[in-house]
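These notes concern the structure reproduced below.
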Protein chains: 2
Amino acid sequence: MRPTVHDIAEKAGVSLATVDRVLNNRPGVRAKTRALVEETIVRIGYVRDVAAANLARKRLYRFEFLIPNSDNSFLDQLRVAVSDVAALSRIERIEIGMREVAAFDPASLVAAMREAMAGEPDGIAMVAIDDDAVRAVVAEANAAGIAVVTVVSDLPGSERVHYAGIDNLAAGRTAASLMGRFIGGRGTVGVIAGSLNARDHGERLAGFEEALRRDFPGVAVLPVIEGRDDPKRVEREAVVLLNARPDLSGLYSLGAGNRGLVKALRANAAARHLPVIAHELTATTRAALSEGLFDAVLNQDAGHEVRSAVRVMKAHADGLHTVDAQERIRIDIFLKDNMPQ
Amino acid sequence: MRPTVHDIAEKAGVSLATVDRVLNNRPGVRAKTRALVEETIVRIGYVRDVAAANLARKRLYRFEFLIPNSDNSFLDQLRVAVSDVAALSRIERIEIGMREVAAFDPASLVAAMREAMAGEPDGIAMVAIDDDAVRAVVAEANAAGIAVVTVVSDLPGSERVHYAGIDNLAAGRTAASLMGRFIGGRGTVGVIAGSLNARDHGERLAGFEEALRRDFPGVAVLPVIEGRDDPKRVEREAVVLLNARPDLSGLYSLGAGNRGLVKALRANAAARHLPVIAHELTATTRAALSEGLFDAVLNQDAGHEVRSAVRVMKAHADGLHTVDAQERIRIDIFLKDNMPQ
DNA sequence: CTGTTAGCGCTTTCAG
DNA sequence: CTGAAAGCGCTAACAG
């Protein structure tokens, strides 16, 4: 049987209370007694039973997620992931709330932060917007002992504790690597983004162009089209592009609104063999892959991101450190052949 | 506060013991009482505190992993993953043992199974070998109430409870999809396997050839070379191949022993721009990717596989079902740009 | 068939 | 500074 606090107390000749004080390094123990207990702990190889500790403590963790209210499949996945984790976490004494925030609106995000902070949660997770007012309120939360974690889109230079999302520069480079090979290292590629003001989109583009320049200097990139993640607008822009550039060798869709792109591609027979790379595995991109309309989809797993955010906030609340490398979110590559399910 | 067993007992006007009997549907409760308690449970929205239950139960789970003793990096990863999970699981009342088995030797696997079974564990996880003697001993274990899970390589037609590994046919198809695009849909590709008697290798090859035939009929596949997963042998064979076929357009290494392949490629200047796809992200393949010697690496995450195996064995021990889709092991694709870390 | 009671391993008053 | 004792939510003898 594994040694327990009782064993420590017995072997060290002290009471349970003293053992507990040492274990949780609370004050009120003579240095000598403390040393004795600590020595005993390592000698008998004690490891704390966290479940029992939590049971006794009745510790309850409370976390809030702030999610943009944009209507796109990836954010739907994110919301579902939060609900799922919330349901599962109840049995681990973790309570998770979710608030909607107006998309791309720093003021709304700040307001939501304030509301969330009023409830004095242990942590807040949010899809950040790159804005100084947001940075300021993050600092406030931090000062109030609330751990802030960014999800999907980061807020560099702020006091957020962690970023649970992919490296978007690397994602852009990955897209370039694939594109360069798919089109045989030469030609002209088009790029459709949501908005270059969105940090993640900007970084993907930068990575894409950098890697192409480096590894495939024979490939030219057309000026970026901004589709605002809006299917209708993306469709319109894509149609224009496909007609204007019949010589197009490839297309990189680094934002959302792929429903529109798919329509445009389907309508354009000449686009049948155009290599297309997009982001996020949703119903739309999944179908496009199966159909052969898209060649590859880069993905960030919303479930992983949410779970990682919760783990980090919990660790922070417990005063523990997390191994950053372990929390790194991978850039998944999906072809029609390795789609999950 | 969340309702507890005490609340149920009080509201239903019964004792704790009766509540417990109903919760764990143990016999000895009148149908009427049972119904009353069950009604109360849903009415007050009770959810069991698993941690407390396990604490009271002092339930200890014991699982055994049987791992081949071959000397290759992927199996090293697998062993490390088992040790890691073993260390972590101790605090969850899970005890994990590991035994070495002679590689590719059914008799040794059967013997190890028997030894493991003697300890009456709750579950056994093994890298299966496709053999009827193995099937027979799996059936024995099953009859003895020990859940058997296959890892990495499956044993179809046996009574194993679950397979924690990738779909190797799909992996082969994925390799073909990439290869076909990388080489522009035409040319001749070479394939190096470990042994086609290994189920996973055979399936990868089948998937690869099938997808090439379907999607890239212009690509020819040379007769498979068997390198026995041995770096020296792989190197020798690869050198011969590279010299004999200077017209080679691509190379698919679907087994292990990639250290040898890398040497051969490095020695052959003409191979500098030969698209190469291999399996398992190890120190060797990782370096080859960075260097541009390999173009893509398909990977199965040993950590995921081991953790999934443990989850399934535990669920089985608890008489719970697992959602197979949730336990599906993904085929990761890595380029130099999206390598983790 | 049902209830009482004593824990599981840990924390937390409250005395001393 | 230290200890005794009660209790977290659940389970498991053992009586009735």
Side-chain angles (χ1 to χ4, degrees), chain A residues 1-41 44-61 89-95 317-320, chain B residues 1-41 44-61 89-95 317-320:
Chain A
M1 231 18 239
R2 252 171 57 187
T4 75
V5 278
H6 290 95
D7 299 315
I8 305 175
E10 194 187 329
K11 308 274 198 223
V14 298
S15 76
L16 279 183
T18 299
V19 172
D20 186 66
R21 287 184 190 105
V22 173
L23 277 175
N24 298 290
N25 47 91
R26 272 186 278 262
V29 187
R30 250 189 322 166
K32 204 174 163 185
T33 318
R34 182 176 295 270
L36 167 64
V37 173
E38 274 165 350
E39 189 266 319
T40 312
I41 289 174
I44 68 178
Y46 169 84
V47 262
R48 177 211 237 96
D49 182 329
V50 198
N54 282 335
L55 174 58
R57 242 194 266 257
K58 293 207 296 177
R59 171 77 153 105
L60 186 69
Y61 303 87
S89 301
R90 273 191 64 195
I91 62 175
E92 296 175 59
R93 317 194 110 72
I94 297 178
E95 223 174 78
D318 288 338
L320 300 174
Chain B
M1 233 16 243
R2 251 170 57 186
T4 74
V5 277
H6 290 95
D7 299 317
I8 306 176
E10 195 187 328
K11 308 273 198 225
V14 298
S15 76
L16 279 184
T18 299
V19 172
D20 187 64
R21 286 185 190 105
V22 173
L23 277 175
N24 298 291
N25 45 92
R26 271 187 278 264
V29 187
R30 248 190 324 165
K32 203 174 166 189
T33 317
R34 182 176 295 271
L36 167 64
V37 173
E38 273 165 351
E39 188 266 318
T40 311
I41 289 174
I44 66 178
Y46 168 85
V47 259
R48 175 211 236 96
D49 183 328
V50 197
N54 282 335
L55 174 59
R57 243 194 265 259
K58 292 207 297 177
R59 171 75 152 108
L60 186 68
Y61 303 86
S89 302
R90 272 192 62 195
I91 63 175
E92 297 175 58
R93 317 194 109 71
I94 297 177
E95 224 174 78
D318 288 337
L320 301 174

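Lettering of chains follows the sequences in order, A, B, ..., and the numbering in each one begins at 1.
Note: CG (A:Leu60) to C1' (D:dG9) measures 15 Å, nearest angstrom. Put simply, CD1 on B:Ile8 is 13 Å from C1' on D:dT11, counting in whole angstrom units. With rounding to whole Å, B:Asn54 atom CG is found 11 Å from C:dC8 atom C1'. In this structure, CD1 of A:Ile41 is placed 14 Å from C1' of C:dG9, rounded to the nearest angstrom. One atom, CG of B:Asp20, and another, P of D:dC14, lie 16 Å apart when rounded to the nearest Å. Between A:Leu16 atom CG and D:dC1 atom C1' there is a gap of 17 Å when expressed in whole angstrom units.
Residue contacts shown for A:Arg48 are limited to sugar-phosphate atoms, with no base heavy atom under 4.0 Å away. Backbone-only engagement by A:Asp49 is indicated by non-hydrogen atom pairs under 4.0 Å involving sugar-phosphate atoms exclusively. Across all strands, B:Val14 comes closer than 4.0 Å only to sugar-phosphate atoms, never to a base (heavy-atom distances). At a threshold of 4.0 angstrom between heavy atoms, the contacts of B:Ala53 are confined to the sugar-phosphate backbone, with no base atom among them.
Of all nucleotides listed (D:dG9, D:dT11, D:dG7), D:dG7 comes nearest to the side chain of A:Ala56. Proximity note for B:Leu55 (side chain, C-beta onward) versus C:dC8, C:dT4, D:dC10: the nearest is C:dC8. Residue B:Ala17 places its side chain closer to D:dA13 than to any other of C:dC10, D:dA13, D:dG9.
Atom CZ in B:Arg48 sits 4.5 Å away from atom CG in B:Asn24 (nearest 0.5 Å). Atom CD of B:Glu39 is separated from atom CD1 of B:Ile8 by 11.5 Å, given to the nearest 0.5 angstrom.
Interface remark: the B:Arg57 side chain does not form any donor-acceptor pair with the D:dG9 base, using a distance-only criterion of under 3.5 Å.
Taking every heavy atom of residues 22-39 of chain B and every atom of DNA chain D, pairs under 4.0 Å involve B:Asn24, B:Arg26, by number.
Annotation: side chain of B:Val19 is not in contact with side chain of B:Val22 (no heavy-atom distance under 4.5 Å). B:Thr4 is not listed as a side-chain neighbour of B:Asp49, based on a closest heavy-atom distance of 4.5 Å or more. Annotation: side chain of B:Thr40 is not in contact with side chain of B:Tyr46 (no heavy-atom distance under 4.5 Å). The closest side-chain heavy-atom distance from A:Arg21 to A:Val37 is not below 4.5 Å.
Contact annotation: A:Thr18 does not reach the phosphate of D:dT2 (side-chain N/O to OP1 or OP2, under 4.0 Å). At the phosphate of C:dG9, neither OP1 nor OP2 sits under 4.0 Å from any side-chain N or O atom of A:Thr4.
B:Arg26 has a carboxylate O that lies under 4.0 Å from a charged side-chain N of B:Asp20, or vice versa, which qualifies the two as a salt bridge.
Both A:Arg21 and A:Pro3 lie close to DNA chain C; mapped to their nearest nucleotides by heavy-atom distance, the more 5′-ward contact belongs to A:Pro3.
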